[in-house]
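Only one structure is covered here, and it is reproduced in the block below.
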There are 2 protein chains.
Amino acid sequence: MPPRDGRATLSTVARSAGVSVTTVSKVVNGRPDVGAGTRALVESLLAQHDYIGRRSPAAEGSPATARIEVVLEGDLNAYSTKIIQGVLDAGGEAGIGVAIGTQAGADASRPRGWARDLAAAGRRAVIAVVDEPPSTDRAALSRAHLPLVVIAPLNPQRERVTSVGSTNFAGGMAAAQHLLALGHRRIGYVGGSSRSARDQARMHGYRAALEAAGVPVPDDYQRTGDSRYQDGIAGGAAQLDLPERPTAVFAGSDETAAGVIEAARARGLRVPDDLSVVGFDDTEVARLTSPPLTTVRQPLREMGGVALRTALRLAAGEKLDSHHVELATELIVRGSTAARQVGGGADPATR
Amino acid sequence: MPPRDGRATLSTVARSAGVSVTTVSKVVNGRPDVGAGTRALVESLLAQHDYIGRRSPAAEGSPATARIEVVLEGDLNAYSTKIIQGVLDAGGEAGIGVAIGTQAGADASRPRGWARDLAAAGRRAVIAVVDEPPSTDRAALSRAHLPLVVIAPLNPQRERVTSVGSTNFAGGMAAAQHLLALGHRRIGYVGGSSRSARDQARMHGYRAALEAAGVPVPDDYQRTGDSRYQDGIAGGAAQLDLPERPTAVFAGSDETAAGVIEAARARGLRVPDDLSVVGFDDTEVARLTSPPLTTVRQPLREMGGVALRTALRLAAGEKLDSHHVELATELIVRGSTAARQVGGGADPATR
DNA sequence: CTGAAAGCGCTTACAG
DNA sequence: CTGAAAGCGCTTACAG
């Protein structure tokens with residue numbers, strides 16, 4: 001009986017190639033004893049027929065078969081690690097295997113048949129921890145009937161892509177309000193790109209809090225660039241070297257905040273005595289800085305879990321209420337913020 | 001021809017159960033038309049023989065089929081992340097898919113048939129980032145013909161397990177020699193458990209360097225516990241509160257070092273002016289402390305890559321030259337170490 | 001409830 | 001380099 005689902009068998013392909021099943025089998029298994037022309041012909045027909053071979057009943061049933069593919073941008077870091085932890089946790093609970101994309105190249109250079117291979121290997125959905133999913137990837141996944149969920153994209157609303165994020169605007173507001181409540185009035189911002197709606201929301205939350213409190217926000221107190229350690233050092237340096245330097249800085253990520261702390265230390269300024277610093281994310285970094293970092297927690301693990309469950313729901317053909325969900329951020333107060341010093345902001349050399 | 005690798009087939013199980021292949025097939029597929037007693041018998045024999053069914057040539061061919069399972073202990077952290085990055089990189093180069101174990105429970109509580117399920121899902125080998133692979137896991141993997149490679153185990157030589165580590169003794173020596181060269185004579189150690197050969201090697205490397213230089217190593221300068229941030233705070237605090245506190249501390253991990261830096265900061269001591277600190281690992285943490293951390297680099301990415309290639313070699317049935325390989329550590333000098341201050345070690349309040 | 005028989009998809013030793 | 005033939009592991013319609 002031929003496979004009901006219309007999947008190609010060796011004999012389908014052999015017939016259409018006009019060769020024997022034996023020969024097709026050899027090509028599939030990469031045996032050397034096949035003529036070059038024959039091999040090329042058979043290979044093209046295998047691809048045309050989307051041949052994926054006989055399914056293994058064992059693998060079908062196995063909880064170890066990876067159902068979810070996690071796609072990353074660049075290297076793993078403290079941020080993506082927490083998200084992945086959440087995906088793994090939720091996968092473990094659901095009895096679902098999770099594979100991490102081994103990206104030989106960048107997203108731009110996915111191997112041919114990438115999405116089809118994922119489907120053939122048993123994936124049911126893809127979770128991407130990326131700023132912007134390339135449209136080529138989205139098209140390929142859609143052809144392979146693999147739903148995609150993006151975690152914390154730069155511009156969640158712009159694309160018609162299912163995504164999970166957090167309340168960036170509220171987080172930025174909470175950070176600034178915390179600093180205002182500590183008596184700070186000169187509050188700088190060092191954050192991510194202005195092309196990112198995500199980072200814009202954080203910055204505008206900060207601005208909204210300051211404006212509501214009647215506190216001015218000079219242009220040179222707002223610095224946007226990338227969100228890495230080096231950007232924190234550069235942005236922190238620029239602000240701390242101002243004639244009227246801020247007494248507090250809200251950084252758009254924990255890494256950036258670590259850079260700001262280092263910029264302060266390099267200038268002999270103490271955190272939090274001379275400078276309060278608030279980060280964003282609450283990755284492992286926030287626990288390890290000196291002092292430990294006050295930060296706006298993004299529930300990254302939870303976001304990973306929501307992404308996994310959403311992905312499974314899409315794979316099961318369910319409809320979603322909304323294609324974008326945001327989880328609440330929360331201010332975590334640690335040791336990097338303190339009440340504004342009397343006379344704070346003076347040059348430490350004059351003390 | 002029966003499978004060479006000794007895997008059970010339906011007929012193996014049928015013979016040992018004294019029933020037909022048909023009946024065994026029905027049990028495997030959960031068909032209802034099998035007597036309860038027969039089903040129970042067959043099921044127990046399937047388990048006994050570790051039956052995993054025939055391999056799917058389909059999934060065989062797909063580069064997306066996860067061939068390697070990475071097993072973790074507890075949550076992902078900066079350390080395991082770098083290793084996994086190395087595994088992913090090497091997997092990408094080899095065109096090999098990598099899955100991360102979704103451990104619902106701890107290692108102790110692997111689900112029944114764990115290793116068998118992995119084999120059925122196409123895994124060829126397992127890489128464990130764990131202190132000690134439980135013998136139950138090792139037995140299960142061996143029955144499922146899945147080779148195991150352990151990365152940086154506590155006691156690499158003790159077990160007959162293939163493992164990849166780094167030159168811990170040499171690393172400890174390099175750290176201490178660096179501090180000695182900077183003029184330090186009161187050099188403390190805050191490191192991992194004394195039950196761990198890995199941590200012992202680091203400590204003895206440190207001791208060897210000090211003894212070779214004729215520098216005494218008082219007992220209360222050597223503190224062992226766990227290797228986390230909190231242990232660094234506690235260990236750092238204990239040493240910094242000594243009547244004659246060290247002017248430099250070698251910490252057994254970057255996290256511990258971050259804790260020592262925090263203990264110093266909490267006491268108003270500046271790093272590196274009042275206290276030099278050397279870490280171990282060179283994870284992302286080392287870049288983000290203030291000041292950036294001088295540390296002994298373990299080539300964690302490379303170790304992940306070597307583990308992957310070793311695992312594939314074992315899966316292909318190759319013999320290894322050695323069941324344990326160590327990659328070289330290397331001292332990375334950053335900002336947390338400096339020449340001993342003239343008068344260094346005095347209470348800062350008296351300056 | 002059980003299993004002999006037929007048949008599928010695939011692989012391989014071997015003849016040409 | 002190619003494929004007919006034998007055979008493996010598995011499934012299923014069917015006889016008892």
Distance, rounded to the nearest Å, where [X] contributes [atom1] and [N] contributes [atom2]:
| X | N | atom1 | atom2 | value |
| --- | --- | --- | --- | --- |
| Lys26(A) | dT11(C) | NZ | C1' | 10 Å |
| Arg15(A) | dG3(D) | CZ | C1' | 16 Å |
| Asp33(A) | dG3(D) | CG | P | 12 Å |
| Leu41(B) | dG3(C) | CG | C1' | 16 Å |

Sugar-phosphate only, base, or nothing, as touched by [X] at under 4.0 Å among non-hydrogen atoms:
| X | value |
| --- | --- |
| Arg31(A) | sugar-phosphate |
| Val28(B) | nothing |
| Val19(B) | sugar-phosphate |

Check your understanding: Do Ser25(A) side-chain and dT12(C) base share a donor-acceptor contact under 3.5 Å?
Key -> no
Review point. Less than 3.5 Å between a donor and an acceptor, one on the side chain of Thr22(A) and one on the base of dT12(C), is that the case here?
Key: yes
Of all the choices, [options], which nucleotide is nearest to the side chain of [X] once you look at every atom?
| X | options | value |
| --- | --- | --- |
| Leu10(B) | dC10(C), dT2(D), dT11(D) | dT11(D) |
| Thr9(B) | dG3(C), dT2(D), dC10(D) | dC10(D) |
| Thr38(A) | dT2(C), dT2(D), dG9(D) | dT2(D) |

We want to know whether [X] and [Y] form a side-chain donor-acceptor pair, criterion being a heavy-atom distance below 3.5 angstrom.
| X | Y | value |
| --- | --- | --- |
| Thr162(B) | His323(B) | no |
| Thr81(B) | Thr81(A) | yes |
| Thr23(A) | Ser20(A) | yes |
| Ser11(B) | Arg15(B) | yes |

Revision key, fill the gap. Across every strand shown, the nucleotide meeting Watson-Crick or G-U wobble geometry with dG3(C) (both distances under 3.5 Å) is dC14(D)
